[in-house]
2 protein chains.
Amino acid sequence: MPRAVDHEQRRFEIVAGLWQIVAEQGIEGISLRSVAARSEVSMGRVQHYFGTKDALVVAGIDLLVKRAVIEYETTAGRPPDERLLHLLLQQIPATEAGRMGVTVWYAYVAKAMTHTAVREILAEATRVGVEECTRHIQEADGLPKAAARERAIELLALSDGLTLRVLVGDITAAEAEASIRDHRARL
Amino acid sequence: MPRAVDHEQRRFEIVAGLWQIVAEQGIEGISLRSVAARSEVSMGRVQHYFGTKDALVVAGIDLLVKRAVIEYETTAGRPPDERLLHLLLQQIPATEAGRMGVTVWYAYVAKAMTHTAVREILAEATRVGVEECTRHIQEADGLPKAAARERAIELLALSDGLTLRVLVGDITAAEAEASIRDHRARL
DNA sequence: CCGATGACGATGCGATCGCATTGGAATCAT
DNA sequence: ATGATTCCAATGCGATCGCATCGTCATCGG
């Protein structure tokens, strides 16, 4: 067997470059050459680890989701209401890095409209998000599952919509966060 | 002076083809050739009426917004609450044509993240939307402007978020509409 | 009738694209 | 030491791209 390289690490380096490209130029900016240049690796390397452009594009959202899941799992053991707020507030772009992440996220949401594999990854991610929120609301408020689920979807939708407004510059991140907390407190 | 053609009409025909392309393949699918083919006109014609690809892309969102404004203006004279609900419900994809329209809309929302001209058009459109909603809430509920504006942004954000869920297939259009009506009634 | 002008269709060019191919360097079991 | 295997850089190809250019009708004021 030949050289032992960290497969995951190599793939992550390349995808990190892809995220920058997407944040700056959108999904359209992705090309084997542009991602290779941004990641400061050769185009041959990108081909070696991802094969086709499509696989590279899919890996971009796949890793993004996996990162979010890992971050969420660090809240395990915390009280339900806190975990719920984490899910509702995580995507609101407070920092510059967070802004890049959510910009990439919404670029992929648009992509999902016309790309099956991307759509399935996002659908699964939101499904899990709704389930977790529902569970926390059930525990925190003592609601039956159906009612809790309705509120979960409502809160998540509100979070999505407010996030969009922040991205467009219509409101600030602080205003969005206040609106969500206020809404959660009222329900 | 030469042949008299309806400039607006020609431009609309081409943009209608562009919308189909965007709905099916996303913004990435736009090219002078693909739009020309879908509109069943020559590429020369597309160049003649739009000049550059970028101008064509911008015209796509510009006309979409103008159409929405015209449709909204047909509700002039109706009671405030009805006009408010029109603004909140208009984008929820009930029909197939409506689904296409809102798919194109969100494709451009993603585009706006990296394209200044598109961002300004969308920013202006949402600004007007918030203002109109605020006005209707003031009239209908007798709230002061600041409070009405807060609720307007909240309701519009909820509408945005629910629309996204409908597009992804997470909930149905009817469920989204019910959630918005319910929310509006509760406030 | 005629020339200016608008409305195109057709074509060509340089750039960029995804992808396949080739070949060599590095590594390790044998 | 050697052969197998992995890792990757380099190159080439055919397709597609935006855009500029050129030529040709059709139209209408003069």
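Order of the sequence lines sets the chain letters (A, B, ...), proteins ahead of strands, with each chain counted from 1. Computation of the quantities below employed the complete heavy-atom set of this structure, encompassing side-chain atoms and omitting hydrogens, waters and symmetry-equivalent molecules.
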Legend entry - Salt bridge present between A/E124 and A/R127 (N-O < 4.0 angstrom): yes
Atom pairs, N/O to N/O, protein against nucleotides 11-17 of chain D, distance under 3.5 Å?
unit_1: D/dC17; atom_1: OP1; unit_2: B/S31; atom_2: OG; d: 3.4

Legend entry - Cationic N near anionic O, under 4.0 Å, B/E154 to A/R186: yes
Inset, instruction - Flag the pair A/R165 and A/D160 as a salt bridge only when some basic side-chain nitrogen lies within less than 4.0 angstrom of an acidic carboxylate oxygen. - result: no
Inset, instruction - Look at B/H48 and C/dC8 and indicate whether a side-chain polar atom (N or O) is within less than 4.0 Å of OP1 or OP2. - result: no
Inset, instruction - Could you tell me the separation between the CD atom of A/Q9 and the P atom of D/dC8, rounded to a whole number of Å? - result: 12 Å
Legend entry - Euclidean distance, atom CD1 of residue A/I27 to atom C1' of C/dG18 [Å, nearest integer]: 17 Å
Legend entry - 4.5 Å side-chain heavy-atom contact, A/V58 and A/I121: yes
Inset, instruction - Mind listing the residues from residues 110-117 of chain B sitting with a heavy atom below 4.0 Å of DNA chain C? Number order is fine. - result: none
Inset, instruction - Any side chain to side chain donor-acceptor pair (under 3.5 Å) involving residues 50-59 of chain B? Give me the pairs, sequence neighbours left out, ordered by first then second residue. - result: B/D54-B/H115
Inset, instruction - Check for a donor-acceptor pair, side chain of B/R11 on one end and backbone N or O of B/Y49 on the other, with a separation under 3.5 Å. - result: yes
Legend entry - Distance, rounded to the nearest Å, where A/H7 contributes NE2 and D/dT6 contributes C1': 11 Å
Legend entry - Gap between atoms CG and C1', on A/D6 and C/dT27 respectively (whole Å): 17 Å
